[in-house]
Amino acid sequence: MMVRGEAKMDPVRVRFAPSPTGRLHLGGGRTALYNYLLAAQTGGQFILRIEDTDRKRYVEGAEQEIYDSLRWLGLEWDEGPDKGGLYGPYRQSERKAIYLDYARKLVDLGHAYYCFCTPERLESVRREQQANKQSTRYDGACRHIGPEDALRRVESGERHVIRFRSPDEGQTTVTDLLRGNITVENETIDDFILIKSDGFALYHLAAAVVDHLMKITHVLRGAEWLPTFPLHGLIHRAFGWQEPVWVHLSVFLKPSGSGKLSKRDAAELIKDGHSIFLKDFHTLGYLPEAVTNWIALMGWSYDDHTEIFSMKDLVEKFSLIKLNPSPAAINFSKLDHFNGVHIRQLPQDDLVSRIGPFLTRAGYNPDIQTLEKVAPLIRERMVTLDDSVDMAGFFFQDAVTLEPSDLIGKDLDASQTAVIVKQVHELLQQTDDFSADGLEQLLREFVDQSAYNNKQVFGILRVAITGQRVSPPLFETMEIVGKDKALVRLLHAIALLEKIN
RNA sequence: GCCUCCAUCGUCUAGGGGACUAGGACGCAGCCCUUUCAAGGCUAAAACCGGAGUUCGAAUCUCCGUGGAGGCACCA
């Protein structure tokens, strides 16, 4: 089925190009996801490129975290640094040498020039502009140095950079798929540095050149690139290259809706069991299915009611035309909701295998047989996989530790409660049927002919058996705990109650 | 300060000039179910930023305000 306005697309070549300068976060994850979806949907290629031209900001381990995060989300790439491809290398630093040639070509074409200004001079120019409340930009001091003159200084070894020569007058119009034409006055486009004095290219040049060489057809990237978008269009045009289709994705705002997420916000979030870093979601007990579903819907929608999407659904239904250009505030309670839904949709054995590690990490020794029986009891109660620890940990303990005061039934005292537990203990000791149904019948009968009600009796038993006031359904729980353990726990409860007296 | 983008319930959003009494979801509140907690079901409250214009008709198109966001590096 095809959504209105959607045309069948030719296979795309798209790329996700993070820089290894920090941890991969939600916004990056969504950009990667949309790129992946477009490639998968059209039968094209999804390329991972590491944008590591800034060696000073390189963070050890960041590249690995990018791989891990993307793979956890299920976004496998077709070409990348670790798997190669026809258009490598896929690490920008490894293609350093080619950019200087391209920059020189731009110089020859008159679209770029050598600049010999020192960082100190630039800094003072900037300060002066700020003081005069002017916009800060390069003042063009080296623009008019003659080509021969410049070349001579370069060859003599004078420290220099190569700058883009943005047009002196007129306007530049670039086209974003979601926003239409964006027109800016050329005088507002700075003469950006293309090649640093160390010979390395800066992003603007490197990305344009490599996107062209890699035959990228669609660039889906964050909206923070919008301000330099006209420059990028200009660079492509200066080389005479065809531009890719440009799509700028809205930014993610902090949950309050004001401002984008900062390091400090990230630290606050982790206290509530949330994070903006992709890799944390796994540890926090979120399903990649849920995270994917959640971020997919921040900035994209399918129709007016469908909310739950598998990766397969997304691949099938994603469409650029339904992308939303406005910024979106992150909403963690919605993620919780999606996580619950996806947990409930998980096949039994899948759920079991995902819960296991969480219990193990918490210090339990979950055996698979018990886990298989426990899973159906807790699946519709869990928000995160980590919840399984609090909900089901008692299944994997020999004895439960409990607060004696929790044991006492509603409107009852300790001795009345003890009497009830003793009677139940006796009753259970005599029965051979420890199935949930059998227990339910037996215990309901007990309550009926006693002076107490369900709430009181079952409440007491719940605490005695599980050690908690809140637990999975009582009879099923008792069946799994088993007769031996259950009786021991009742005895233990009786002992505690008698101590209170 | 300069440049750019954005604007529907608290939040994510549907909406492509008449189908709008503005739909869905999360969250919130109430009710039902119920041995606890969930899940599930039902119900409620909740929005077109403002002003002009175009039009028979504007949430939808245009302009101006206002608000929010992003950017202004020999970072990406």
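Under the Watson-Crick or G-U wobble criterion, with both distances below 3.5 Å, B:C33 is left unpaired in every strand shown. Pair assignment for B:C56 gives B:G18, based on Watson-Crick or G-U wobble hydrogen-bonding distances that are each under 3.5 Å. Across all strands shown, B:C9 remains unpaired; no Watson-Crick or G-U wobble contact has both distances below 3.5 Å. With a cut-off of 3.5 Å on both Watson-Crick or G-U wobble distances, the partner of B:A69 is given as B:U4.
Remark: the separation of the P atoms in B:C9 and B:G68 is 15 Å, to the nearest Å. Taking atom P on both B:A44 and B:C49, the two are 25 Å apart, rounded to the nearest angstrom. Remark: the separation of the C1' atoms in B:G16 and B:C74 is 46 Å, to the nearest Å. For the C1' atoms, the distance linking B:C56 with B:G51 amounts to 23 Å, nearest Å. Atom P of B:G57 sits at a distance of 14 Å from the matching atom of B:G18, rounded to the whole Å. The separation of B:G40 from B:U55, taken at their C1' atoms, amounts to 49 Å, rounded to a whole angstrom. B:U4 and B:A45 have their P atoms separated by 44 Å, with the value rounded to a whole Å. B:G67 and B:G50 have their C1' atoms separated by 10 Å, given to the nearest Å.
Nucleic acid contact for A:Phe338: none, since no nucleic acid atom lies under 4.0 Å from a heavy atom of the residue. If you check every strand for non-hydrogen atoms under 4.0 Å, A:Gly259 touches sugar and phosphate atoms only. Within the nucleic acid shown, A:Val184 comes within 4.0 Å of sugar-phosphate atoms alone, with no base atom in reach, counting heavy atoms only. Note on A:Asn324: only backbone sugar-phosphate atoms sit closer than 4.0 angstrom, heavy atoms only; bases stay farther off. Within the nucleic acid shown, A:Ile330 has no heavy atom closer than 4.0 Å to any nucleic acid atom. Among the protein residues, A:Pro255 comes within range of no part of the nucleic acid, since none of its heavy atoms lies under 4.0 Å from any strand. A:Gly340 comes within 4.0 angstrom of nothing in the nucleic acid, heavy atoms only. Contacts of A:Leu474 with the nucleic acid, taken as non-hydrogen atoms under 4.0 Å apart, include base atoms. If you check every strand for non-hydrogen atoms under 4.0 Å, A:Arg379 touches nothing.
A:Glu187 has no carboxylate O lying under 4.0 Å from a charged side-chain N of A:Arg137, or vice versa, which leaves the two without a salt bridge. Ion pairing of A:Glu289 with A:Arg354 is present here, as a side-chain N (NZ or NE/NH1/NH2) and a carboxylate O approach within less than 4.0 Å. A salt bridge does not link A:Asp198 with A:Lys96: none of the charged nitrogens is closer than 4.0 Å to a carboxylate oxygen. A salt bridge links A:Arg49 with A:Asp211; the closest basic N to acidic carboxylate O contact falls under 4.0 Å.
Separating the NE2 atom of A:His248 from the C1' atom of B:G71 is a distance of 12 Å, rounded to the nearest angstrom. What separates CD of A:Gln171 from C1' of B:C3 is a distance of 14 Å, to the nearest Å. B:U36 atom P lies 11 Å from atom CZ of A:Phe475, rounded to whole Å. Here the C1' atom of nucleotide B:U13 and the CH2 atom of A:Trp300 are 12 Å apart, to the nearest Å. Atom C1' of nucleotide B:G27 and atom NE2 of A:His337 are separated by 10 Å, given to the nearest angstrom. With rounding to whole Å, A:Arg179 atom CZ is found 14 Å from B:G70 atom P. Residue A:Phe309 contributes atom CZ, which lies 17 Å from atom P of B:C12 at whole-angstrom precision.
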Problem - A:Val59 vs A:Glu65, side chain to side chain contact (heavy atoms under 4.5 Å, CB included): CA-CA, chis, key distance, verdict - result: CA-CA 10 Å; A:Val59 173; A:Glu65 180 156 338; over 6 Å; no

Exercise for the section: Please step through side chain to side chain contact (heavy atoms under 4.5 Å, CB included) for the pair A:Leu351 and A:Ile343, ending with a clear verdict. Expected result: CA-CA 7 Å; A:Leu351 179 60; A:Ile343 283 176; 4.0 Å; yes

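Of the candidates B:G15, B:G40, B:U36, B:G40 carries the atom nearest the A:Arg344 side chain, counting heavy atoms from C-beta on. Comparing B:C26, B:C12, B:C72 against the side chain of A:Ser333 picks out B:C26 as the nearest. Closest to the side chain of A:Ala328, from the set B:U11, B:U36, B:U13, is B:U13.
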Check nucleotides 58-64 of chain B for protein N or O atoms closer than 3.5 Å to its own N or O atoms and list the pairs.
none

Can you name the atoms? Protein N/O to nucleotides 22-24 of chain B N/O, anything below 3.5 Å, with the distance.
{"unit_1": "B:G23", "atom_1": "N2", "unit_2": "A:Asp304", "atom_2": "O", "d": "3.4"}
{"unit_1": "B:G24", "atom_1": "O4'", "unit_2": "A:Asp304", "atom_2": "O", "d": "3.4"}
{"unit_1": "B:G24", "atom_1": "N2", "unit_2": "A:Glu307", "atom_2": "OE2", "d": "3.4"}

Pairwise N/O distances under 3.5 Å, protein to nucleotides 74-76 of chain B:
{"unit_1": "B:C74", "atom_1": "O2", "unit_2": "A:Ser197", "atom_2": "N", "d": "2.8"}
{"unit_1": "B:C74", "atom_1": "O2", "unit_2": "A:Ser197", "atom_2": "OG", "d": "2.8"}
{"unit_1": "B:C74", "atom_1": "N3", "unit_2": "A:Ser197", "atom_2": "OG", "d": "3.0"}
{"unit_1": "B:C74", "atom_1": "N4", "unit_2": "A:Cys117", "atom_2": "O", "d": "3.2"}
{"unit_1": "B:C75", "atom_1": "OP2", "unit_2": "A:Lys196", "atom_2": "NZ", "d": "3.2"}
{"unit_1": "B:C75", "atom_1": "O2'", "unit_2": "A:Asp54", "atom_2": "OD2", "d": "2.5"}
{"unit_1": "B:C75", "atom_1": "O2'", "unit_2": "A:Arg57", "atom_2": "NE", "d": "2.8"}
{"unit_1": "B:C75", "atom_1": "O2'", "unit_2": "A:Arg57", "atom_2": "NH2", "d": "2.9"}
{"unit_1": "B:C75", "atom_1": "O2", "unit_2": "A:Arg57", "atom_2": "NH1", "d": "3.4"}
{"unit_1": "B:C75", "atom_1": "O2", "unit_2": "A:Arg57", "atom_2": "NH2", "d": "3.0"}
{"unit_1": "B:A76", "atom_1": "OP1", "unit_2": "A:Thr53", "atom_2": "OG1", "d": "2.4"}
{"unit_1": "B:A76", "atom_1": "OP1", "unit_2": "A:Asp54", "atom_2": "N", "d": "3.4"}
{"unit_1": "B:A76", "atom_1": "OP2", "unit_2": "A:Tyr203", "atom_2": "N", "d": "3.0"}
{"unit_1": "B:A76", "atom_1": "O4'", "unit_2": "A:Arg57", "atom_2": "NH2", "d": "3.3"}
{"unit_1": "B:A76", "atom_1": "O3'", "unit_2": "A:Glu51", "atom_2": "O", "d": "3.4"}
{"unit_1": "B:A76", "atom_1": "O2'", "unit_2": "A:Ser19", "atom_2": "OG", "d": "3.3"}

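The phosphate of B:G68 has neither OP1 nor OP2 within less than 4.0 Å of any side-chain N or O from A:Ser326. Regarding contacts with the backbone of B:U36, a side-chain N or O of A:Lys455 is found under 4.0 angstrom from either OP1 or OP2.
One donor-acceptor pair, N or O on each side, does fall under 3.5 Å between the base of B:C37 and the side chain of A:Arg381.
There is no side-chain donor-acceptor pair under 3.5 Å between A:Tyr203 and A:Gln92. Judged purely by distance below 3.5 Å, without hydrogens or angles, the side chains of A:Thr172 and A:Asn186 pair a donor atom with an acceptor atom. Checked by atom type, the side-chain pair A:Asp336/A:Tyr286 shows a donor-acceptor distance below 3.5 Å. No side-chain donor-acceptor contact under 3.5 Å links A:Asn181 and A:Thr173.
With hydrogens and angles ignored, the 3.5 Å screen pairs no side-chain donor or acceptor of A:His204 with any backbone N or O of A:Leu202.
Counting only heavy atoms from C-beta outward, the side chains of A:Leu284 and A:Thr384 never approach each other to under 4.5 Å.
In this pair, A:Tyr302 and A:Phe309 present their aromatic rings perpendicular. The plane angle is above 60°, beyond the 30 to 60° band.
A side-chain hydrogen bond (donor to acceptor under 3.5 Å, both in side chains) with A:Asp191 holds for exactly one of A:Arg143, A:Arg163, A:Arg165; it is A:Arg143.
For the pair A:Arg153 and A:Phe116, the cation-pi criterion (under 6.0 Å, within 45° of the ring axis) is fulfilled.
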